[in-house]
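To start, the structure under review is shown below, and the notes come after it.
Bear in mind the structure is a predicted one, so any value in this text is a computation, not a measurement.
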Amino acid sequence: ANWCTPLNNRPITPEEQARLRAGFEQLREILNTWVHGFHHPAHDRVAFEDSEDERQNFYERMWNSPGFVKITSNYTDLLSNPEANAEWCAFIAEKIRGIVEDPDTAERLLPKDHQFGEKRPPFVAGYYEAFNRPNVELVDLHETPIVRVTPTGIETADKVREFDVIVWATGFDFGTGALARMGIRGRDGKALVDDWADGPRTFLGVQTHGFPNLFLPGGPHAAAGNNPRYNGDQVDFITDLLVHARANGAEVVEVTARAEERWTAMIDRGATSPLSFGERSYYFGTNIPGKPRRYLLNSAGRPKLFSIIADVIANDYDSFTFARAGIAAAAVGSSSV
């Protein structure tokens with residue numbers, strides 16, 4: 001089970017649409033510069049600065065707010081104070097119990113192994129209400145494992161259930177999974193899966209040493225925020241990097257080992273901070289058997305990405321080496337990380 005909260009999408013009125021269009025440039029500036037990349041104002045206090053009644057009223061507002069607002073505009077210590085997080089989880093649990101009519105089903109839908117945010121929290125429409133329908137049944141595969149798929153459905157340890165359609169939703173091999181399955185090989189034929197056997201190493205989440213001209217926006221070491229915005233930041237930097245390479249007659253671009261080492265060390269240090277991303281989170285890869293436990297996000301977030309990019313550009317891209325095709329790249333200088 002995961003901590004699901006309402007998406008609360010609704011149609012945009014013509015008046016709202018007109019305001020959005022009139023203020024588009026300001027909106028774009030906010031999305032391009034704010035820490036989390038959303039158009040959501042941050043809250044101004046930690047949880048226990050408010051009284052219990054004030055907190056419960058605030059949680060009610062959060063429950064009825066759109067999507068990611070429940071993270072980005074929640075109490076500022078939601079993801080760093082386990083007690084604040086636990087109270088928010090308790091509030092959500094009571095909401096679930098109030099929606100799902102069968103008490104046993106409601107309890108099964110309450111996460112027991114993580115707090116809010118330790119796994120990517122889904123934002124839903126009608127999810128808990130669906131369990132009140134007569135044709136919906138919740139099956140715990142820990143208690144009654146799947147035995148086999150039959151021509152007409154699924155057989156578990158307790159009985160056979162017939163279905164018209166089976167949708168496989170088996171989890172997330174986050175950060176590196178898709179890249180590992182592509183058979184990527186770098187310099188001297190080294191496989192990316194071997195290079196990352198102990199976990200990914202990158203610089204800015206955009207490149208890894210030994211794999212020239214391979215760029216990885218949206219891969220490991222992305223930010224915990226609005227991923228399309230963050231990935232767009234990476235793409236903008238890669239574009240500038242390629243323009244610089246072309247202007248200097250280079251056809252091969254490769255990050256230096258030192259830049260990769262220092263960035264990855266920063267990522268690993270951030271994994272020890274008191275964020276509520278726990279041991280069983282796919283943010284660490286521990287949901288995949290045999291996958292090394294390494295933090296897969298940029299815990300320093302968008303500000304750190306912007307800071308390092310500015311340093312790299314100011315130092316003439318000296319965190320990378322440049323060469324013509326077929327000529328071994330020579331280090332230009334030390335990393336500016």
Heavy atoms only: give me the nearest [X]-[Y] pair and the separation to one decimal.
X      : Y      : answer
Asn74  : His43  : O-CB, 3.2 Å
Gly175 : Leu179 : O-CD1, 4.0 Å
Leu204 : Gln234 : O-NE2, 3.1 Å
Phe172 : Ile288 : O-CD1, 3.7 Å

Side chain [X], main chain [Y], donor-acceptor under 3.5 Å:
X      : Y      : value
His221 : Asn298 : no
Asp50  : Arg55  : no
Ser73  : Pro41  : yes
Lys112 : Ala1   : no
Asn8   : Phe123 : no
Glu16  : Thr13  : yes
Asn213 : Val253 : yes
Glu254 : His209 : no
Asp316 : Asp318 : no
Asn248 : Ala250 : no

Residues which pass side-chain contact (heavy atoms from CB on, under 4.5 Å) with Asp195, listed by chain and number, not counting sequence neighbours
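Checked Asp195 against side-chain contact (heavy atoms from CB on, under 4.5 Å); matches are Lys190, Arg201, Thr208, Phe211.
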
With a 4.0 Å cut-off on N to O distance, would you call Arg97 and Glu94 a salt bridge?
yes

Under 4.0 Å between a Lys/Arg side-chain N and an Asp/Glu carboxylate O for Arg229 and Asp233?
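No, Arg229 and Asp233 are not salt-bridged.
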
Start with the C-alpha distance between Asp104 and Glu107, add both sets of side-chain angles, then the distance that settles side chain to side chain contact (heavy atoms under 4.5 Å, CB included), and finish with yes or no.
CA-CA 5 Å; Asp104 180 63; Glu107 291 304 312; 5.5 Å; no

Rounded to the nearest 0.5 Å, how far does [atom2] of [Y] lie from [atom1] of [X]?
X     : Y      : atom1 : atom2 : answer
Asn2  : Lys119 : CG    : NZ    : 6.5 Å
Ile96 : Trp3   : CD1   : CH2   : 5.5 Å
His39 : Leu27  : NE2   : CG    : 5.5 Å

Is it true that Tyr317 and Ile308 fall in one hydrophobic cluster, defined by side-chain heavy atoms closer than 4.5 Å?
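Linked, Tyr317 and Ile308 end up in one cluster.
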
Going only through I, L, V, M, F, W and Y residues with side-chain contacts under 4.5 Å, is there a path from Phe58 to Phe68?
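Same cluster.
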
Apply the test salt bridge (charged side-chain N to carboxylate O under 4.0 Å, His left out) to residues Glu54 and Arg45: give CA-CA distance (whole Å), side-chain angles for both, the deciding distance (0.1 Å), then the verdict.
CA-CA 12 Å; Glu54 288 171 331; Arg45 73 198 72 176; 5.5 Å; no

With a cut-off of 6.0 Å (strictly less than), are more than 12 heavy atoms of other residues, nucleotides or ligands near [atom1] of [X]?
X      : atom1 : result
Arg120 : CZ    : yes
Asp164 : CG    : no
Glu155 : CD    : yes
Asp44  : CG    : yes
Glu83  : CD    : no

State, without any angle test, whether [X] and [Y] hold a side-chain donor-acceptor pair at a distance under 3.5 Å.
X      : Y      : value
Asn132 : Glu129 : no
His36  : Thr72  : no
Asp53  : Ser51  : no

Side chains of Pro220 and Trp196: does their closest heavy-atom pair fall under 4.5 Å?
yes

Does Arg293 make a cation-pi contact with Phe284 (under 6.0 Å, within 45 degrees of the axis)?
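Yes, Arg293 lies over the aromatic ring of Phe284.
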
Ring centres under 6.0 angstrom apart (His244, Phe322):
yes

Residue from Thr176, Asp268, Thr264 passing side chain to side chain donor-acceptor pair (under 3.5 Å) with Arg294:
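Option passing the side chain to side chain donor-acceptor pair (under 3.5 Å) with Arg294: Asp268.
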
Please lay out, stage by stage, how Phe237 and Leu305 fare under the test side chain to side chain contact (heavy atoms under 4.5 Å, CB included).
CA-CA 10 Å; Phe237 172 72; Leu305 179 78; over 6 Å; no

In terms of relative ring orientation, are Tyr75 and Tyr59 parallel, tilted or perpendicular, with 30° and 60° separating the classes?
perpendicular

Relative to each other, are the rings of Tyr283 and Phe174 parallel, tilted or perpendicular (30° and 60° limits)?
perpendicular

